[in-house]
Number of protein chains: 2
Amino acid sequence: MVTIYDIAKQANVSAMTVSKVINNTGKISEKTRSRIKKIMEEMNYVPNSMARSLVLQETKMLSLLIPDITNPFFTTLARGAEDAAMRLGYKLLFGNSDESLTKEKEYVDMILSTRVDGVLFSAASDLSGPHLQTLRLHRIPFVLLDRAVPGHECDTVTGDSREGARKLVEHLISLGHRRIALVNGSLAVSTARDRLAGYNDALKLNDIAVDDTLLLESNYKHFEDGPLLRSMLELPDPPTAVFAGNNFLAVGLIRKLLELGVRVPEQMSVVCFDDLGASVIDPFFTVASQPAYQFGAMGIQLLVDRIKGATTPEWKKIVLPSELVVRSSSAPPPAE
Amino acid sequence: MVTIYDIAKQANVSAMTVSKVINNTGKISEKTRSRIKKIMEEMNYVPNSMARSLVLQETKMLSLLIPDITNPFFTTLARGAEDAAMRLGYKLLFGNSDESLTKEKEYVDMILSTRVDGVLFSAASDLSGPHLQTLRLHRIPFVLLDRAVPGHECDTVTGDSREGARKLVEHLISLGHRRIALVNGSLAVSTARDRLAGYNDALKLNDIAVDDTLLLESNYKHFEDGPLLRSMLELPDPPTAVFAGNNFLAVGLIRKLLELGVRVPEQMSVVCFDDLGASVIDPFFTVASQPAYQFGAMGIQLLVDRIKGATTPEWKKIVLPSELVVRSSSAPPPAE
DNA sequence: TTGTACGCGTTATCAC
DNA sequence: GTGATAACGCGTACAA
């Protein structure tokens with residue numbers, strides 16, 4: 001491996017002069033500068049970023065922890081973070097916790113030993129609290145993305161889940177639905193709680209009683225509660241519409257409905273949070289679409305501001321609006 | 001930041017003793033070992049992996065470069081790579097080249113300066129050759145994933161694109177199609193060339209003449225050639241089926257067809273390479289499905305073998321089979 | 001404008 | 001069993 005010393009020897013200068021050329025620091029005559037640059041080219045020299053980090057006490061690396069790398073919401077968010085990071089001169093270390101606390105912990109350990117300058121953290125659930133404590137203990141700045149963690153004040157970029165959920169459900173109500181089910185993610189995740197709250201808001205605003213038998217708590221990765229759905233459909237007064245907590249739940253739900261011979265939207269309307277990304281043929285779902293790319297981009301911006309101390313001490317809370325997009329998965333309830 | 005010396009001082013031993021405890025190396029009395037461990041806990045000590053890498057001359061990090069982080073094929077591949085890497089004690093540094101040579105180069109530079117132990121490389125195109133040269137020049141082991149680069153012999157994990165394409169097209173032929181269009185990715189990408197070859201194989205085997213007017217070279221990210229498609233449909237003898245080079249092309253194509261009022265599969269059959277992942281509602285496409293997760297997992301295995309010198313000198317070429325999955329996007333051609 | 005001495009946090013070697 | 005020393009590749013402070 002060619003080092004700064006090899007270059008120095010070749011150029012008949014000290015290592016320091018080479019270092020100064022690399023970093024454009026100090027005064028160097030144009031002549032030696034270009035001579036050294038040429039030699040670096042010829043010898044294929046690449047600075048060792050670890051050695052540099054060791055002395056500089058910064059890595060110029062940020063870490064992005066997401067809970068599901070297969071979900072288009074998070075991959076789009078990742079693209080936003082990646083672009084912003086690169087633009088600001090940082091590298092991004094991706095981590096995929098797979099909604100698992102164990103994996104998340106492994107990534108936190110790696111983050112600590114790698115000494116990244118900051119973390120963009122989309123928590124697996126409320127139980128991620130200790131992981132945030134660990135980061136704080138080690139003075140690693142972080143920004144929470146998409147999901148808040150109760151009891152942890154910090155910079156955050158979240159969506160307006162409550163608002164968005166209310167709009168979706170009111171859309172259903174305006175179509176004439178009054179029996180509206182909610183198939184949600186785990187209530188240990190803040191967005192799921194907010195979406196439930198928005199759902200409740202909408203019902204209350206329209207004088208519809210909340211019926212617990214219409215509430216299903218599943219998880220954001222897969223819809224696995226076919227039997228519960230079936231018994232919900234067999235209720236004396238079954239739902240005519242379902243609000244799914246995220247895109248994957250909506251997909252799983254629809255698959256199950258198709259299997260059960262329930263047509264959407266003729267017999268059952270389905271709406272959901274988050275869009276489905278590029279791989280969908282016929283935009284079909286009525287959704288509350290979130291600006292995923294912006295989540296990542298703004299998160300990085302916030303994080304870098306915090307690292308550079310360019311922010312006021314109080315925590316910044318950015319809330320990104322979701323947009324109600326009405327498509328063909330929602331329609332008036334079937335006539336009695 | 002607490003260092004090995006802080007621990008040593010607290011424990012009244014030398015830094016060396018602490019190091020030995022950390023790495024379970026050398027002889028240490030059980031008593032001091034547990035005492036030191038306890039102190040490390042209390043002081044929240046985390047080894048600095050950069051300092052360690054500097055002296056050890058290895059980082060235990062691998063890099064994965066993929067061309068499209070929004071494509072389910074590559075995210076699934078990434079999951080496979082991630083799991084395998086973690087299992088073998090390596091961290092994974094993701095890079096998303098976005099099918100862009102410029103971004104790819106930036107990632108290669110970062111790879112060099114980070115001194116990763118090896119690279120899993122899914123090349124943007126044949127033009128990535130120089131990037132591979134760079135890696136080789138710096139003696140960084142790499143494994144090519146999914147896409148070969150002509151003129152670069154190395155370990156590879158690829159799919160049987162030619163075979164799979166032939167099977168897909170023969171499936172169409174067996175349904176009665178004889179005018180079969182190909183909407184392909186850039187021919188600067190090896191898989192696109194292989195799929196074209198498989199397409200040609202199938203036609204030749206069945207005595208169907210290749211008609212250049214039925215060939216469209218687009219790109220794997222988006223289908224953007226609506227006008228060309230339209231003129232193809234206005235041909236005196238238009239195609240009755242299309243073979244799309246990958247999943248995103250198929251989706252873009254279908255969207256365009258819907259727009260033009262062409263029904264699939266009644267008026268036009270569509271088949272494609274790669275499946276669409278978890279976010280698809282009603283598995284619809286007839287596809288050649290590739291074991292994406294395996295691509296990543298086996299790639300890591302190969303790479304680590306190579307790093308450890310556990311492999312024979314000759315290059316390993318793993319070819320993963322694709323599976324023809326017949327669904328509802330393909331049907332006999334419309335009766336004349 | 002250029003060079004010297006030192007330190008960043010860790011481990012290998014070898015002596016005690 | 002334990003410890004002193006040097007080395008990994010680089011940048012800062014200070015001299016020259």
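A, B, ... follow the sequence lines: proteins, then strands. Residue 1 opens every chain.
- Within the nucleic acid shown, B/Ser53 has no heavy atom closer than 4.0 Å to any nucleic acid atom.
- Taking the six-membered ring for Trp and thresholds of 30 and 60 degrees, B/Phe94 and A/Phe94 have ring planes more than 60 degrees apart, a perpendicular arrangement.
- Within a 6.0 Å radius of CE in A/Met110, other residues, nucleotides and ligands contribute more than 12 heavy atoms.
- Remark: B/Thr17 is not in phosphate contact with D/dG1, judged by side-chain N or O atoms under 4.0 Å from OP1 or OP2.
- Taking a 6.0 Å sphere around NZ of A/Lys38, one finds it holds 12 or fewer heavy atoms contributed by other residues, nucleotides or ligands.
- Over its length, the helix from C/dT1-D/dA16 to C/dC16-D/dG1 turns its helix axis by 40°, as judged from the five terminal pairs at each end, rounded to 10°.
- The environment of NZ in A/Lys316 is crowded: more than 12 heavy-atom neighbours from other residues, nucleotides or ligands sit within 6.0 Å.
- Comment: B/Asp117 does not engage B/Lys308 in a salt bridge, judged by the lack of any side-chain N to carboxylate O separation of less than 4.0 angstrom.
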Open item on the list: Within the 4.0 Å limit for protein heavy atoms, which parts of nucleotides 9-16 of chain C are touched? Write it as a string from 5' to 3', B for base, S for sugar-phosphate only, - for none.
Closed with: BBBBB---
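- Between B/Lys9 atom NZ and D/dG3 atom C1' the separation is 16 Å, expressed in whole Å.
- Using a 4.0 Å cut-off between charged side-chain N and carboxylate O, A/Lys105 and A/Asp109 make a salt bridge.
- Of all heavy-atom pairs spanning B/Ala78 and A/Ile69, the tightest one is CB-CD1, 4.1 Å.
- For the residue pair A/Leu145 and A/Leu120, the shortest heavy atom distance occurs at CD2-CG, 3.7 Å.
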